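One structure is given here, and the rest of the page talks about it.
Numbers restart at 1 for each chain; the letters A, B, ... are given by sequence-line order, proteins then strands. Keep in mind it's a predicted model, so treat the numbers as computed, not measured.
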Protein chains: 2
Amino acid sequence: MATPRASKPNGKAQAAPQALYQRIRADLEEKILSGRWPPGYRIPFEHELVESYNCSRMTVNKVLSGLAAAGVIERKRRVGSFVAKPLVQSAVLHIPDIQAEIAKRGEAYAYELLSRKRRKATKDDLERLGIDKSCDVLVLSCRHIAKGRPFALEERLINLDVVPPASDIDFTRVPPGTWLLGHVPWNEAEHRITASLADDNALKALTLKKPAACLVVERRTWRKNKIITSVRVTYPNDLYQLTARFTPTGLRS
Amino acid sequence: MATPRASKPNGKAQAAPQALYQRIRADLEEKILSGRWPPGYRIPFEHELVESYNCSRMTVNKVLSGLAAAGVIERKRRVGSFVAKPLVQSAVLHIPDIQAEIAKRGEAYAYELLSRKRRKATKDDLERLGIDKSCDVLVLSCRHIAKGRPFALEERLINLDVVPPASDIDFTRVPPGTWLLGHVPWNEAEHRITASLADDNALKALTLKKPAACLVVERRTWRKNKIITSVRVTYPNDLYQLTARFTPTGLRS
DNA sequence: CCGCTGATTATGTATAGACATACGACGTCC
DNA sequence: GGACGTCGTATGTCTATACATAATCAGCGG
């Protein structure tokens, strides 16, 4: 009762310029990234770290849980925590919004609707949307222009069963991607990236000459197991590139 | 002493089939993904969640910190926590190891070293490795074959200043990527993805006919601010594609 | 020698209480 | 009225403790 409490209960909470658990984390990450603790290495037990950092177990537990969530280490009960093998296979891909990307480069941006059709889904449409029974779809084709030069051709399919209000929008001013992003919540997206020779349609829309390689990004966006929209964007090879960066300790900043 | 301890101090710790904080997190995520809590929405304060879930603040804090780390919400002191705008721009890109990818498809894999040269870095090499002063490099060219058909052309540059032992390896049996992965720790990688028309060199190595579009993946791998290796892999367009998936709540499983 | 059982132990989850810090709001003073 | 300081509040971090759980390992009986 009424324990007088000399002063502060911890003696460490506010000492450091930055949070203690962040310093510990940086410490451990350094050991792992430098290779001193190679993949498979068993890192010290929580109680050992508690001793060496002179803090409570909750604090080192927070650090280790974080590293585990980030995929840097793997933990096994009763056994210990181990440095994980870095997986080259995944990286954070940056897929910029077309309009934003062009704006960032400080170039003039223009958008053009080439065609807009509402129709009952064809067999091909149904496959792209991953559904069985027929429904209405909106088929759009449009063009993005940077510095007066065609920059991308966008061919889009919108599932009107999932997004009925889209049928009331004429997409002559607002690109469909922008509208959808602002009006429809989604919870998953999948991208497929391929290279292909431009077909006649693309050649014309992008004003390219005969043998032209293009980067094609196909994206499907889900909301609760239903595909909202499926879009294929074709970029002339010399105007666009994707970059992906990966840091094993991957923290969002 | 020997505090008898009526029973459990919390009344909730072990009640649920799964962890409480995971149920809370799933709960909040559901509200966000379903759109009921749209981007910008201020989610309940910690103390409100404490009340409604009848748990301690540490527990809801863990949930909210996790959501913030995952980029689902943003937190501001004294102000509150808000649903973040989903960023389409980033996704986890899966960049498979060539050999593993082919093996997964159950196809025969073969590897061929086309050329191997050690030389003083040229100006172009230095640029690819992002360094100023000259050094020795290993220049490799090799081919990956699936089902008897050329599947990828790999052109690689290895910085011998960073990886001296590489000069003793003849890469006739082991692909350089595999060897490097197993022997050199790295902490960052960058990928550039483009489409291009196959040049004569690529046409020959991949046995393609004249106008052929290829997907080109360039990867540079760092160790402590120094580039270990720079590699360019060229895939015939019809044999390869990259896929990337993104879930805003992105938890590694 | 095999298989079961119980002890041991590291991690997993949760609590209550404390103090730190940033920042908005509001009131004061010139 | 605008600059400035105080106060309240929500989040950020940390501690000490408690109990749960899973997996290993030693010991024991068959």
Pairs of donor and acceptor atoms involving the side chains of residues 169-179 of chain B, under 3.5 Å and at least two apart or interchain, shall be tabulated with distances.
from	atom 1	to	atom 2	distance (Å)
D170(B)	OD2	T172(B)	OG1	3.0

Can you name the side chain to side chain donor-acceptor pair (under 3.5 Å) partners of S65(B), sequence neighbours left out? N61(B)
Quick test: give all pairs of protein nitrogen or oxygen and nucleotides 22-26 of chain D nitrogen or oxygen below 3.5 Å, distance rounded to 0.1 Å.
from	atom 1	to	atom 2	distance (Å)
dA22(D)	O4'	R77(A)	NH1	3.3
dT24(D)	O2	R78(A)	NH1	3.1

Filter on salt bridge (charged side-chain N to carboxylate O under 4.0 Å, His left out), then keep only pairs touching residues 68-82 of chain B, sequence neighbours left out; what's left? E46(B)-R75(B)
List in chain and number order the residues that pass side chain to side chain contact (heavy atoms under 4.5 Å, CB included) with V231(B), two or more places apart in sequence or in another chain; answer none if no residue qualifies. E154(B), R156(B), R219(B), V233(B)
In whole Å, I'd like the distance from the CG atom of N54(B) to the C1' atom of dA16(C). 14 Å
Using a 4.0 Å heavy-atom cut-off, does S81(B) contact any base of the nucleic acid, only the sugar-phosphate backbone, or nothing at all? sugar-phosphate
S56(B): side chain to side chain donor-acceptor pair (under 3.5 Å) partners, not counting sequence neighbours: T59(B)
By the 4.0 Å heavy-atom rule, please label Q22(A) as base, sugar-phosphate, or nothing. sugar-phosphate
Out of dT15(D), dA18(D), dT11(D), which nucleotide sits closest to the side chain of R75(B)? dT11(D)
Tell me which nucleotide among dA16(D), dT13(C), dA16(C) gets nearest to the side chain of S56(B). dA16(C)
Any N/O donor-acceptor pair, R57(A) side-chain to dG12(C) base, under 3.5 Å: yes
Considering only NZ, NE, NH1 and NH2 on the basic side and carboxylate oxygens on the acidic side, decide whether R36(B) and E30(B) come within less than 4.0 Å. yes
Is it the case that dT11(D) (base atoms only) and R42(B) (side chain only) share a donor and an acceptor within less than 3.5 Å, ignoring hydrogens and angles? no
